[in-house]
Chemist: 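There's a structure below that I have some questions on.
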Amino acid sequence: MQRRTLLALAAGLPLAPFTTAAMAAAPMVEIWKDPNCGCCQDWVKHLDKNGFATRVHDEGNGAARTRLGMPAKLGSCHTGLVGGYAIEGHVPARELQRLLKEKPKAVGLAVPGMPVGSPGMDGPAYGDQRDPYDVLLVLTDGSTRVYQSYR
């Protein structure tokens, strides 16, 4: 967050959007990922652009996934934690916002695998390709239901 303030100052931007109060209002997403994964970093940028604060741990995500109770079969390349919910994979920011608003009794959300066209998997390298995918709500018993479909 201090980095944003420094960047704003360096760019000569007003500090109003970067005040402590504004940053405190942004939900914090803690993220565990591989340090060399470009799509993970693109997902972090997607969250930053959509009103979330982020804290990244470049140490892999297997241990975090297990610790947060996300089933391994739903695994992807990064794992997050926001508002007490586990987030697995390329979940769109709008679904995180919805999750925090609705507050369902659940482990969290998952987009298994790495579907092309999902946030972080939608850069120029992928052209206009968009694969259909589902955002899954992971319930406390490990079962899932479709939270949102993207077609």
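Everything quoted here is computed from the prediction, not taken from an experiment. Worth knowing before you read on, the calculation uses all heavy atoms, side chains too, and leaves out hydrogens, waters and symmetry mates.
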Chemist: Minimum heavy-atom separation for His90 to Pro119, with atom names?
Modeler: ND1-O, 2.6 Å
Chemist: State, to 0.1 Å, how close Met70 and Ala110 come at their nearest heavy-atom pair, and which atoms those are.
Modeler: SD-CB, 4.1 Å
Chemist: Would Leu109 and Leu137 count as a side-chain contact (heavy atoms from CB on, under 4.5 Å) here? Give the steps.
Modeler: CA-CA 5 Å; Leu109 298 175; Leu137 180 67; 3.8 Å; yes
Chemist: Between Thr140 (side chain) and Val107 (backbone), is there a donor-acceptor pair under 3.5 Å?
Modeler: no
Chemist: Could you tell me whether the side chain of Arg98 and the main chain of Tyr147 form a donor-acceptor pair under 3.5 Å?
Modeler: yes
Chemist: Taking all non-hydrogen atoms of both residues into account, name the closest pair between Gly75 and Arg65 and its distance.
Modeler: CA-NE, 3.6 Å
Chemist: For Lys33 and Val56, work out which heavy atoms get closest and say how close.
Modeler: CE-CG1, 3.7 Å
Chemist: Can you tell me if Gln97 uses its side chain to pair, donor with acceptor, with the backbone of Asn50 under 3.5 Å?
Modeler: yes
Chemist: Closest heavy-atom contact between Glu88 and Val91?
Modeler: O-CG2, 3.6 Å
Chemist: Before accepting this row, confirm whether a basic side-chain N of the pair Asp134/Arg151 lies closer than 4.0 Å to the acidic partner's carboxylate O.
Modeler: yes
Chemist: Same cluster or not: Val138 versus Leu100, using hydrophobic residues (I, L, V, M, F, W, Y) connected whenever any side-chain heavy atoms lie under 4.5 Å apart?
Modeler: no
Chemist: Return yes if some donor-acceptor pair links the side-chain N/O of Asp122 with the main-chain N/O of Gly120 below 3.5 Å, else return no.
Modeler: yes
Chemist: Report whether Met121 and Leu74 are members of the same hydrophobic cluster (ILVMFWY, side-chain heavy atoms less than 4.5 Å apart, transitive linking).
Modeler: no
Chemist: Determine whether Met114 and Tyr150 fall in the same hydrophobic cluster, where Ile, Leu, Val, Met, Phe, Trp and Tyr are linked whenever their side-chain heavy atoms lie under 4.5 Å apart.
Modeler: no
Chemist: Heavy atoms, side chains only, cut-off 4.5 Å: are Leu139 and Thr144 in contact?
Modeler: no
Chemist: Is there a side-chain contact between Leu96 and Pro27 in this structure, where contact means two heavy atoms from C-beta onward sitting under 4.5 Å apart?
Modeler: no
Chemist: Under the side-chain contact (heavy atoms from CB on, under 4.5 Å) criterion, do Trp43 and Ile31 qualify, and how do the steps go?
Modeler: CA-CA 10 Å; Trp43 183 71; Ile31 300 157; 3.8 Å; yes
Chemist: Would you check if the side chain of Tyr85 reaches a backbone N or O of Pro104 as a donor-acceptor pair within less than 3.5 Å?
Modeler: yes
Chemist: Val82 versus Leu47: any side-chain heavy-atom pair under 4.5 Å?
Modeler: no
Chemist: Which residues end up grouped with Leu68 if you chain together Ile, Leu, Val, Met, Phe, Trp and Tyr wherever their side-chain heavy atoms are less than 4.5 Å apart?
Modeler: Trp32, Leu81
Chemist: Are any of the side-chain heavy atoms of Val135 and Pro92 separated by less than 4.5 Å?
Modeler: yes
Chemist: Is there a side-chain contact between Val111 and Ser76, using heavy atoms and a 4.5 Å cut-off?
Modeler: no
Chemist: Considering all heavy atoms of both residues, which atom of Ala53 and which atom of Ala26 are nearest to each other, and what is their separation?
Modeler: N-CB, 3.9 Å
